[in-house]
Every structure is written in structure tokens, then in C-alpha cells.
Q: 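Please read through the structure below; I'll follow up with questions.
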Amino acid sequence: MASNVLIFTLFLTFSLLQLSSARRLTESETQLLKFQHHKGPLLTGQISVNLIWYGKFKPSQRAIIADFITSLSSSPKSTTSQPSVDTWWKTTEKYYHNKSPKLALSLGTQILDEKYSLGKSLTTNQIIKLASKGPQSNAINVVLTSANVVVEGFCSSRCGTHGSSSGARVNGKRSSKFAYIWVGNSETQCPGQCAWPFHQPIYGPQNKPLVAPNNDVALDGMVINVASLLAGTATNPFGNGYFQGPKEAPLEAASACTGVYGKGAYPGYAGNLLVDPTTGASYNANGVSGRKYLLPALIDPKTSACSTLV
């Protein structure tokens with residue numbers, strides 16, 4: 001199983017350490033820091049994004065994530081304002097060669113597990129077990145755990161993860177691998193880590209938090225993490241695609257730009273963003289149903305620079 005972890009414990013400490021370390025990198029270290037393709041396959045074709053809701057979520061909260069997934073692909077008749085979620089996702093097309101089949105994501109099945117079938121304390125293996133409940137052919141199965149569910153490594157080292165697992169056995173044969181993502185609701189456990197910049201950070205500059213575009217600090221934080229992991233899943237689904245650094249803890253399309261949401265971003269400052277004049281919410285992408293979202297910058301594989309919508 002190829003598992004890639006999104007470590008979102010705020011980029012602040014890492015950035016400050018980088019600034020304080022003034023030494024010459026060796027050739028091998030420079031190679032590790034280079035963002036590159038490791039010759040593995042990327043996700044292609046028509047892929048459904050299936051949502052497995054584990055624990056209690058309000059219908060309004062589920063709609064925030066579902067509308068985000070729907071916003072990733074605009075229809076020909078779409079009237080979504082720019083900059084849009086769809087435009088943000090099109091940045092991933094730079095990772096594909098001209099002859100590669102186009103990747104198209106769509107909202108698939110939604111599964112509710114409100115009775116905590118595996119309890120309220122989950123291991124990584126149990127997350128994979130939950131992910132396997134969704135369709136496994138041409139799919140990314142996204143497990144979303146509620147605020148009262150403790151997950152192995154949650155808050156201490158990660159806000160979510162993505163990887164792949166072998167599918168279920170059919171007629172004695174195991175199907176091909178399917179991709180999965182897990183993201184936790186950090187509302188009561190670690191919003192300062194996993195819902196920044198909509199919550200005061202645990203470390204670093206204590207700037208005033210931004211107003212969440214969907215008026216839900218935890219869910220808007222989950223959107224950021226889902227978006228980051230979707231980009232990582234598409235461009236590094238099996239651990240040998242595009243990433244920077246060691247394979248065990250790779251920096252991927254979005255996580256290589258952690259903390260950057262608009263131009264001019266620096267540690268503790270998300271960048272120059274759009275502000276809704278009515279609500280005062282900060283955002284950088286428009287979605288379906290009048291939704292607004294804050295999405296992470298994605299690294300441009302040709303320049304190794306972080307690319308922002310605004």
C-alpha cells in the first residue's frame with residue numbers, strides 16, 4: 001500500500017527553521033528538494049469521488065464538501081464566477097503529457113455511517129476499511145470523520161492522508177488498487193493546526209483569523225485539506241508520481257505550497273485574497289450554488305513555483 005501523509009501542522013515552524021539554517025546543501029540534498037516526477041502513473045479517465053461520512057455531520061456541512069467536489073468540473077453551461085474551483089483544478093493538467101487521457105472528477109456515491117460502526121477511535125487500517133465501503137472501480141473514496149472521532153496520528157502529525165489499497169476479492173481474485181483519502185474534522189481537537197487560517201494558529205505569528213467563506217471554521221478547514229489531498233492523489237496516487245523530498249513524507253502538488261493561498265503569502269499570512277463585501281469572508285475560488293472556497297496554491301511542475309488563483 002502506498003500511503004502519503006499530508007502534514008498540516010502549520011508551515012510556520014518549518015519555515016522559520018529553514019530561514020535560520022544557513023548552510024550549503026549537498027548535491028544529494030538538492031536532489032531531494034527538487035520537485036519532480038518519479039516515473040509512476042497518474043490518475044486518468046473518468047473518476048468518481050465517493051464520500052463516506054463517519055459520525056455526525058449536519059446536512060449543511062455535507063453540502064459544503066459535496067458542492068466543492070461538484071465544483072471541480074464545470075459544465076458547458078456553467079455560470080460560475082471567476083476565479084473558480086474548476087480553474088484551480090485545471091492547474092493539475094500541467095502534470096499530464098499531451099497524450100495522457102484526461103482526468104475528470106465527478107461527485108459519486110455518499111455513504112452515511114452515523115452510528116460509528118468501528119467506534120470513535122480509529123487506526124489507519126480502519127480508515128482503509130471504511131474507504132473500501134465505497135465503489136472501488138474508477139473511484140477515489142474519501143472518508144470524512146466527525147469532530148468526536150479520534151484517528152491515529154490526527155493533530156499530532158496530520159490532518160488527513162491519502163493512499164491506495166487493494167480492492168475487494170471477487171470470485172477469488174482481488175481487484176486492482178483504489179485510491180482513498182481521509183480528512184478529520186478538527187473543530188474540537190486541533191483547529192489551530194487543521195483549520196488555519198480560519199482559526200488562531202498554535203504556533204507562530206498570532207494574526208487575526210480569517211472569516212470562513214461557508215461560515216463553518218472546521219468544514220472550511222476540511223475543504224482545504226480535501227483539496228490538497230485530491231491534488232496529491234491525482235498527481236501521486238501510488239507513491240511514485242510527482243513529489244519533493246523523501247518518499248516516506250513527500251511534499252506534493254499542494255503540500256509543497258502549504259500556507260500559500262494568494263500572492264504575497266508569507267509565514268502567518270495567507271496572501272492577498274478576495275473578501276466578500278457582505279460577510280467579510282476571505283476566499284479565492286467560486287463554486288457551484290454560489291459557494292465560495294479558500295483553496296491552497298498548487299506547485300507548477302514546470303517552474304517548481306507555487307501557483308495561486310489570486
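Computed from a prediction, not measured in an experiment: that's the story for all the values here.
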Q: Tell me yes or no: between the side chains of Asn138 and Gln46, is some donor less than 3.5 Å from an acceptor?
A: no

Q: Given Glu93 and Lys102, is the side chain to side chain contact (heavy atoms under 4.5 Å, CB included) satisfied, shown in steps?
A: CA-CA 8 Å; Glu93 293 180 1; Lys102 186 177 180 180; 3.7 Å; yes

Q: With side chain to side chain contact (heavy atoms under 4.5 Å, CB included) as the criterion, how do His199 and Glu187 come out once you've worked through the C-alpha distance, each side chain's angles and the decisive distance to 0.1 Å?
A: CA-CA 10 Å; His199 191 280; Glu187 180 180 6; over 6 Å; no

Q: Kindly compute the distance separating CD1 (Ile69) from CH2 (Trp89), expressed to the nearest 0.5 Å.
A: 9.0 Å

Q: Can you find a side-chain donor-acceptor pair between Thr87 and Ser84 that sits under 3.5 Å?
A: yes

Q: Between Ser71 and Val288, is there a donor-acceptor pair closer than 3.5 Å when you use the side chain of the first and the backbone of the second?
A: yes

Q: Ile65 vs Trp53, test: side chain to side chain contact (heavy atoms under 4.5 Å, CB included). Steps then yes/no.
A: CA-CA 11 Å; Ile65 302 290; Trp53 299 94; 3.6 Å; yes

Q: Assigning hydrophobic clusters by single linkage (Ile, Leu, Val, Met, Phe, Trp, Tyr; side-chain heavy-atom cutoff under 4.5 Å), is Leu298 placed with Phe68?
A: yes

Q: Determine whether Trp182 and Gln126 make a side-chain contact, defined as any pair of heavy atoms from C-beta on separated by less than 4.5 Å.
A: no

Q: Could you see if Leu103 belongs to whatever hydrophobic cluster contains Val85? Use Ile, Leu, Val, Met, Phe, Trp, Tyr and a side-chain cutoff under 4.5 Å.
A: yes

Q: Taking Tyr269 for the side chain and Val260 for the main chain, is one N or O donor matched with an acceptor at less than 3.5 Å?
A: no

Q: Are Thr308 and Asn284 packed together at the side-chain level, in the sense that at least one heavy-atom pair is separated by less than 4.5 angstrom?
A: no

Q: Test Glu252 against Tyr242 for side chain to side chain contact (heavy atoms under 4.5 Å, CB included), laying out the working first.
A: CA-CA 7 Å; Glu252 301 175 321; Tyr242 281 94; over 6 Å; no

Q: Against Val226, only a single residue in Val223, Leu229, Leu230 fulfils side-chain contact (heavy atoms from CB on, under 4.5 Å); can you say which?
A: Leu230

Q: Shared ILVMFWY cluster between Trp88 and Ile299, side chains joined below 4.5 angstrom?
A: yes

Q: For Asp113 and Ser117, indicate whether the former's side chain and the latter's backbone hold a donor-acceptor pair under 3.5 Å.
A: yes

Q: Between the side chain of Asn185 and the main-chain N/O of Ser146, is any donor-acceptor distance below 3.5 Å?
A: no

Q: Using modelled atom types and a 3.5 Å cut-off, is there a donor and acceptor pairing between side-chain atoms of Asn236 and backbone atoms of Phe243?
A: no

Q: Can the SG atoms of Cys194 and Cys155 be said to lie under 2.5 Å from each other?
A: no

Q: For the Cys pair Cys306 and Cys257, is the SG-SG distance shorter than 2.5 Å?
A: yes

Q: Please examine the side chains of Thr145 and Phe154, heavy atoms only from C-beta on, and report whether any two atoms are closer than 4.5 Å.
A: no

Q: With side chains defined as the heavy atoms from C-beta onward, is the minimum distance between Leu118 and Lys129 less than 4.5 Å?
A: yes

Q: Within a strict 4.5 Å, meaning less than it, do heavy atoms of the Leu273 and Val310 side chains meet?
A: yes

Q: Kindly indicate whether the side chain of Ile140, heavy atoms from C-beta on, has any atom under 4.5 Å from the side chain of Leu43.
A: yes

Q: Do the side-chain N and O atoms of Asn125 and Thr123 include a donor-acceptor pair separated by under 3.5 angstrom?
A: no

Q: Applying the 4.5 Å side-chain criterion to the ILVMFWY set and letting contacts propagate, would Tyr116 and Leu144 be lumped into a single cluster?
A: no

Q: Do Pro296 and Tyr261 make a side-chain contact, defined as non-hydrogen atoms from C-beta onward lying under 4.5 Å apart?
A: yes

Q: Is the backbone of Ala147 close enough, under 3.5 Å, to the side chain of Thr188 for a donor and an acceptor to pair up by distance?
A: yes

Q: Looking at Pro201, is its backbone amide N or carbonyl O close enough to the side chain of Gln193 to form a donor-acceptor pair, meaning the two atoms are under 3.5 Å apart?
A: no

Q: For Gln206 and Gln200, indicate whether the former's side chain and the latter's backbone hold a donor-acceptor pair under 3.5 Å.
A: no

Q: Hey, does the side chain of His38 reach the backbone of Gln36 with a donor-acceptor pair shorter than 3.5 angstrom?
A: yes

Q: Test your reading of the model: is there a side-chain donor-acceptor pair from Tyr293 to the backbone of Asn214, 3.5 Å cut-off?
A: no

